[in-house]
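Values in this document were obtained by computation on a predicted structure and should not be read as measured data.
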Amino acid sequence: MSDINVDVLIIGAGPSGCVAAAYLHSQGIRVKVLEKSKFPRFVIGESLLPRCMDHFEEVGLLDCLKAQGFEVKSGARFLRDDIVCNFDFSKKHTDGWNWTWQVPRADFDNTLVQEIIKKGVDVAFEHEVTDVVIADDGTSKTSVKTKDGGTYFVNANFIIDSSGYGRVLPRLLGLDKPSQIPEHSSIFGHVKDVRRPEGKEGTIITFDVLDKDTWLWVIPFSNGNTSIGFVGKHEFIESESGTTAQRLNALLKHSKYYRDRFQGLDYLFEPITIKNYSKAVTKFYGKGFALTGNSAEFLDPVFSSGVTFATESALRASKLIAKELKGETVDWKEEYEGYIKKGVDVFATYVKEWYTGNLQTLFFHRPENPDVKRQICAVLAGYVWDETNPFVKKHNRAVKTMAHLINMEKEKSE
């Protein structure tokens, strides 16, 4: 194949890559998207947050998604023992979308990529990036291998790494660093949900909390299938023997609420395990490149932040690249890394405080504090850049302080 010359090379055709490509293409910027996989393909991250709806709407990708009839997610439910904590996205501190979707990612991602192809974006499937050389001026030469063993180069003025778990540039450029999020493992799969209850009970996304480190997710889809998965310390996930299907079935006995609904069902694919899934990088950008979504940071699945960070960072990076290509000055440290890190830091606090038990104290304390709940709900909806929200602005203290006060009151009453 002949070499290709573009303004922007995008690595990865997931939600991040599609949002970036849709925006840049709409600005008349020459884009090439490289995707290692063949779509549709399975990927985890099936629970979205309302914030990402803003991104899909802005780049013209919302209508194609609405047409798919995905399961509406209007909130989330957390269970612990006999206590139920329901979050309703219509009752949150920050104005914004009150709903989003629960999606089989194979269908969701394929809908997005087919839509950008319709718009005229050049997407190459089963084309793998094998090397990247970035010059001092930011221009790059990317080596690509096709599925039949052919090779070619892409010359670009800018690269957006939207490769997600593939983490292409962090791997090739040595940008990985240890995550500050506690180490956990996950095991998950899909079932045909033949015992699904009628009505809302059968559709609501739920987190069944076994202890501060261990929880089960249940994500029903509109096609009748449901995603189920455990997160916990490595020793818990590995406490059962056998195949991954046998291990996941055995772990289900720990869920009083869900074991009867899912016990004994066949999995639609062999369940998957992931160890130490949280990731971090030394920097979010460099001369001629930007990292988006999971290519930059992956926190933890407990609050479903993955796709929202992917689309938020993709749209932000694309807008800055468009400005730069038009000759405008861009402060990448402040306008990109600083901005994205603010949101990452808020969610990272919530993940860390979940595993310390402080956030769980707030969730399951009774009676509930309606103001606190609205403020936390806005965070769970993905509006983590709204500093009018005390639980965003003072995130590093608010959860811990409130949990401390609750525990002090409990001690006094005992």
Taking the basic N atoms (NZ, or NE/NH1/NH2) and the acidic carboxylate oxygens, is any pair closer than 4.0 Å for [X] and [Y]?
X	Y	value
E238	K233	no
E337	K341	no
D193	R261	yes
D176	R167	yes

Q | Minimum heavy-atom distance G14-D109, with the two atoms named | A |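 Looking at all heavy atoms of both residues, the shortest contact is CA-OD2, 4.1 Å.
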
Any luck finding a side-chain donor-acceptor pair between [X] and [Y] under 3.5 Å?
X	Y	answer
D81	Y257	no
T292	S162	yes
Q102	S47	no

Are the ring centres of [X] and [Y] closer than 6.0 Å?
X	Y	result
F108	F70	yes
F236	W215	no
F284	W332	no
F39	F125	yes
F391	H93	no
W217	F230	no
F364	F78	no

Practice problem: Hey, could you give me the CG/NZ distance between N86 and K91, rounded to the nearest 0.5 Å? | Solution: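 One gets 9.5 Å once the value is rounded to the nearest 0.5 Å.
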
Note to self: For the CD atom of E328 and the CG atom of L320, what is their distance to the nearest 0.5 Å?
What the structure shows: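 Result: 10.0 Å between the selected atoms.
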
| message | Between F89 and W99, does the ring-ring contact (aromatic ring centres under 6.0 Å, His included) criterion hold? Intermediate values first, please. | response | CA-CA 6 Å; F89 290 144; W99 62 275; over 10 Å; no

Going through the distances and angles, do D211 and R80 end up as a salt bridge (charged side-chain N to carboxylate O under 4.0 Å, His left out)?
CA-CA 8 Å; D211 57 51; R80 191 179 72 183; over 6 Å; no

- Message: Could you walk me through whether H127 and Y152 satisfy the ring-ring contact (aromatic ring centres under 6.0 Å, His included) test, starting with their C-alpha distance in whole Å, then the side-chain angles of each, then the deciding distance to 0.1 Å, before giving a yes or no?
- Response: CA-CA 10 Å; H127 285 214; Y152 65 96; 5.5 Å; yes

- Task: For the pair F42 and H190, evaluate ring-ring contact (aromatic ring centres under 6.0 Å, His included) and give the outcome as yes or no after the intermediate values.
- Result: CA-CA 11 Å; F42 172 81; H190 287 181; 5.5 Å; yes

**Item:** Worked verdict on D371 versus R374 for salt bridge (charged side-chain N to carboxylate O under 4.0 Å, His left out)
**Value:** CA-CA 5 Å; D371 289 334; R374 278 193 293 272; 2.2 Å; yes

Using side-chain hydrogen bond (donor to acceptor under 3.5 Å, both in side chains) as the criterion, point out the one residue from E353, K352, Q360 that pairs with T356.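 The side-chain hydrogen bond (donor to acceptor under 3.5 Å, both in side chains) with T356 is passed solely by E353 among E353, K352, Q360.
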
**Test salt bridge (charged side-chain N to carboxylate O under 4.0 Å, His left out) applied to K373 - qualifying residues, sequence neighbours left out** =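 Listed in chain order: E368.
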
Checklist entry - If you draw the axis of the six-membered ring of Y336, does the NZ or CZ of R316 fall within 45° of it and under 6.0 Å from the ring centre? => result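 Negative - R316 is either too far from the ring of Y336 or too far off its axis.
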
Kindly indicate, with the supporting measurements, whether the criterion ring-ring contact (aromatic ring centres under 6.0 Å, His included) is fulfilled by F347 and F309.
CA-CA 10 Å; F347 255 123; F309 275 131; 5.7 Å; yes

